[in-house]
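This report refers to the structure that appears directly beneath it.
Letters A, B, ... are given to chains in the order of the sequence lines, protein chains preceding strands, and every chain is numbered from 1.
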Amino acid sequence: MKWGKYTPFLLLIPTFLIIILFIYWPTISSFMLSFYKVSPFGDRKIFVGFDNFINLFKSQAYLNSIKVTIIYVVITVFSVIFFGYLIALLLDNKVFGVKFYRTLIFTPYAISFTIAGALWTFMLNPVAGHINYFLDRFFGISANWLTGQPFALISIMITSIWKMLPFSIIFYLAGLQSIPEEVIESAIIDGTNNWQRIWKIKFPMLSPTTFYLIIMEITHSMFESFGIIDIMTKGGPVETTTTMIYRLYLDSFYFQKTGEAAAQSVILFLIMCFITFFYFRFGEKTVHYQ
Amino acid sequence: MFLPFFLAVSMSFMSEVEVFSYPPKFLPSQINFKNYKEALDIMNLKRMLLNSFIVATCTTLGKIITGTLGAFAFSSFNFKGKNTLFFTLFITLFLPAETVMILPLFMIMSKFGWVNTYWALIIPFTASATNTFLFRQHFMSIPTELEDAAKIDGATPMQYFRKILIPLSGPMIAGASIINFVYAWNMYLWPLIVTMDNKMKTVQIGVKMLIATDSTNNWGIIMAGTLMAALPTLILFFVLQDLFVKSLVTSGLKG
């Protein structure tokens, strides 16, 4: 018995129509535009070969955005993974009320990066905010969290970590709960201490989760973080919080450098391809499955 | 972790004098909804909430429809070019095109005349590899005997899809819907550039405008507005937390 020959194609039309129009077409047009110099109103185009890419890598502003992105992504993702795992361990027990704490701790997951940015802008506000008051009161420190030089980037990172942590915790918690109890019991019988069980047994068993989380949190911190940056610092002061995505936004819509913006899109696209490839090439092989 | 919410809620009930009192207060002296009213009045926040609701609902519906149909094709049929099509979809899995390709996508929208319309906020997001793969995974776990039985009974593919596959996917569809809804509700960069008219803006942009335009910088009003923007997804999350968490984890680990 067979169902119609053309049915699967009909079923796939809606999905592919959207994907081709709104993912493939812009991607191809990014590649094409990246080889042209385009006048601000888009009416004239000159083929310039790789000039846009060469200019980008000569431009201080772009190199700076790469540096900021690397610092931001590395610190944020590392913290989110590390603290996410630790907090998940704390929540992975059946103490009374743990469900209530879980709900409270998961909350930032449900809000947007933009709203996270708004909440922290308020808390870090020098006049009405609580953080400066307490730091001043107890440590005698007061800082311009959103406009001072290393502080703005630190604020962005703290907010992002706060916003992104629940995602890691949720996955680690699910992972921890799927570890069979016999494994832990036999580890106890073998005389391991708690610390060894946490890092030598549970953590390696959760490596598929860790691997997936690293990939996801890299994408979140590279792209979704735009909301936090735009609300809190707008890339300033002196571009110390201008990440690659914020640079792309500025060059696309403020400075109207169409060609260079397209080249930036191409670079980001290649980075994402690399990450996807890496995930499926090595993710399946090197991680430990139970 | 919850402290920022707590402070925001208490701030949103404070009068202007209390907001700027020093040392800063933790609790308002009385519960006062004036800030909420004002936040709704300063800008057209009501309209923005409605826009977000329309956009998030339509996007979710679209993703579920295209996702289940596409998944059905991949799970129950063998056809020429299946692997190629699968791979074509697969590459887009981790690519947030609306962010990375923002400029050309914007150009396409102006070609279509969609700038400043719901179309631009909805249509590009009505299909995703994640949803298709999620449902495919689920459909493949449904015993093939059911499909064979349907074929023997002479059911058409769409009858099998509507009467068997969809009813067997209730929790999956519900879970995916919540995740899609929250994702669409929380979108920021794309609505920011594709809407200029205040009438078309979503509530996330409203939050930015509250911070940027409120000249008095009355944090009571700003926090009231921010909380209203966060409320729908927070309620969804609190009410359906277990389903939410479960679907998030299945969509991630097996997608």
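Counting non-hydrogen atoms of neighbouring residues, nucleotides and ligands closer than 6.0 angstrom, the CZ atom of F138(A) exceeds 12 such neighbours. More than 12 non-hydrogen atoms from other residues, nucleotides or ligands lie less than 6.0 angstrom from CH2 of W114(B).
Using a 4.5 Å heavy-atom cutoff, the side chains of F106(A) and F244(B) are not in contact. Using a 4.5 Å cut-off on side-chain heavy atoms (C-beta onward), I111(A) and F5(B) make contact. In this structure, I102(B) and L248(A) have side chains that are in contact, with non-hydrogen atoms separated by less than 4.5 Å. M123(A) places none of its side-chain heavy atoms less than 4.5 Å from the side chain of W219(B). F2(B) places a side-chain heavy atom less than 4.5 Å from the side chain of T107(A).
Minimum heavy-atom separation, P14(A) to L69(B): CG-CD1, 4.3 Å. Considering all non-hydrogen atoms of both residues, Y188(B) and G227(A) come closest at CD2-CA, 3.6 Å. Between T258(A) and L103(B), the closest heavy-atom pair is CG2-CD2, 3.8 Å.
T68(B) does not touch chain A: none of its heavy atoms, backbone or side chain, sits under 4.5 Å away. When heavy atoms are compared at a cutoff of 4.5 Å, K163(A) does not approach chain B at all. Looking at T132(B), the atoms closer than 4.5 Å to chain A (heavy atoms on both sides) all sit in the side chain, from C-beta outward. With a 4.5 angstrom heavy-atom cutoff, A73(B) touches chain A via backbone and side-chain atoms both. Proximity to chain A is limited to the side chain of L192(B), based on heavy atoms less than 4.5 angstrom apart. Interface residue L7(B): backbone and side-chain heavy atoms are both found under 4.5 Å from chain A. When heavy atoms are compared at a cutoff of 4.5 Å, L104(A) approaches chain B by way of both its backbone and its side chain. Within the 4.5 angstrom heavy-atom criterion, atoms from both the backbone and the side chain of A118(A) approach chain B. Looking at Y249(A), only its side chain comes within 4.5 Å of chain B, counting heavy atoms on both sides. For a residue to count as touching a neighbouring chain, one of its non-hydrogen atoms must lie under 4.5 Å from one of that chain's; by this rule Q204(B) touches chain A with backbone and side chain alike. Heavy atoms of Y24(A) lying under 4.5 Å from chain B belong exclusively to its side chain. In this structure, chain A has a heavy atom under 4.5 Å from the side chain of I108(B), while its backbone stays farther away. Looking at L85(B), both its backbone and its side chain come within 4.5 Å of chain A, counting heavy atoms on both sides. In this structure, chain A has no heavy atom under 4.5 Å from any part of F161(B). M107(B) touches chain A through its side chain: at least one heavy atom from C-beta onward sits under 4.5 Å away, while N, CA, C and O do not. Using a 4.5 Å cut-off between heavy atoms, A155(B) contacts chain A through its backbone alone, with no side-chain atom that close. Proximity to chain B (any heavy atom under 4.5 Å) is restricted, for F167(A), to the side chain, taken from C-beta onward. Heavy-atom distances place both the backbone and the side chain of V100(B) under 4.5 Å from chain A. Residue contact with chain B, scored on non-hydrogen atoms closer than 4.5 Å, involves the side chain of F253(A) exclusively. With a threshold of 4.5 angstrom between heavy atoms, F112(B) approaches chain A through side-chain atoms but not through N, CA, C or O. Residue P4(B) touches chain A through both its backbone and its side chain, counting heavy-atom pairs closer than 4.5 Å.
Between chain B and the options V266(A), T114(A), I170(A), the largest number of non-hydrogen pairs under 4.5 Å is found for T114(A). Of the residues considered (L213(A), I231(A), L268(A)), I231(A) shows the highest number of contacts with chain B, using heavy-atom pairs under 4.5 Å. Contact tally against chain B (heavy-atom pairs below 4.5 Å) for T7(A), L17(A), L21(A), L10(A): the top residue is T7(A). Listed options A261(A), A116(A), A262(A), S30(A) were ranked by heavy-atom pairs under 4.5 angstrom with chain B; first place goes to S30(A).
Using bins of under 30°, 30° to 60° and over 60° for the plane-to-plane angle, the ring pair Y279(A)/F94(B) lands in the perpendicular bin. A tilted orientation is assigned to the rings of F280(A) and F90(B), their planes being inclined by 30° to 60°. Taking the six-membered ring for Trp and thresholds of 30 and 60 degrees, F9(A) and F79(B) have ring planes more than 60 degrees apart, a perpendicular arrangement.
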Exercise for the section: Take D242(B) and R102(A) through the salt bridge (charged side-chain N to carboxylate O under 4.0 Å, His left out) test and state the conclusion after the steps. Expected result: CA-CA 11 Å; D242(B) 290 338; R102(A) 259 183 226 167; over 6 Å; no
Problem - Full working for side chain to side chain contact (heavy atoms under 4.5 Å, CB included) between Y109(A) and V245(B) - result: CA-CA 10 Å; Y109(A) 173 73; V245(B) 167; over 6 Å; no
Exercise for the section: List the steps and the verdict of side chain to side chain contact (heavy atoms under 4.5 Å, CB included) for F171(A) and L248(B). Expected result: CA-CA 8 Å; F171(A) 277 87; L248(B) 185 70; 4.0 Å; yes
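Of all residues in residues 219-226 of chain A, those placing a non-hydrogen atom less than 4.5 angstrom from a non-hydrogen atom of chain B are T219(A), F223(A), E224(A), F226(A).
Among residues two or more places apart in sequence or in another chain, the side-chain contact (heavy atoms from CB on, under 4.5 Å) test is passed with N52(A) by V48(A), E260(A), A263(A). Applying the salt bridge (Lys or Arg N to Asp or Glu O under 4.0 Å) test to K82(B) and every residue at least two apart in sequence or in another chain returns nothing. For E147(B), the salt bridge (Lys or Arg N to Asp or Glu O under 4.0 Å) partners are K151(B), not counting sequence neighbours.
Summarising the geometry, atom CD1 belonging to I91(B) is positioned 9.0 Å from atom OG1 belonging to T276(A); distances are rounded to the nearest 0.5 Å.
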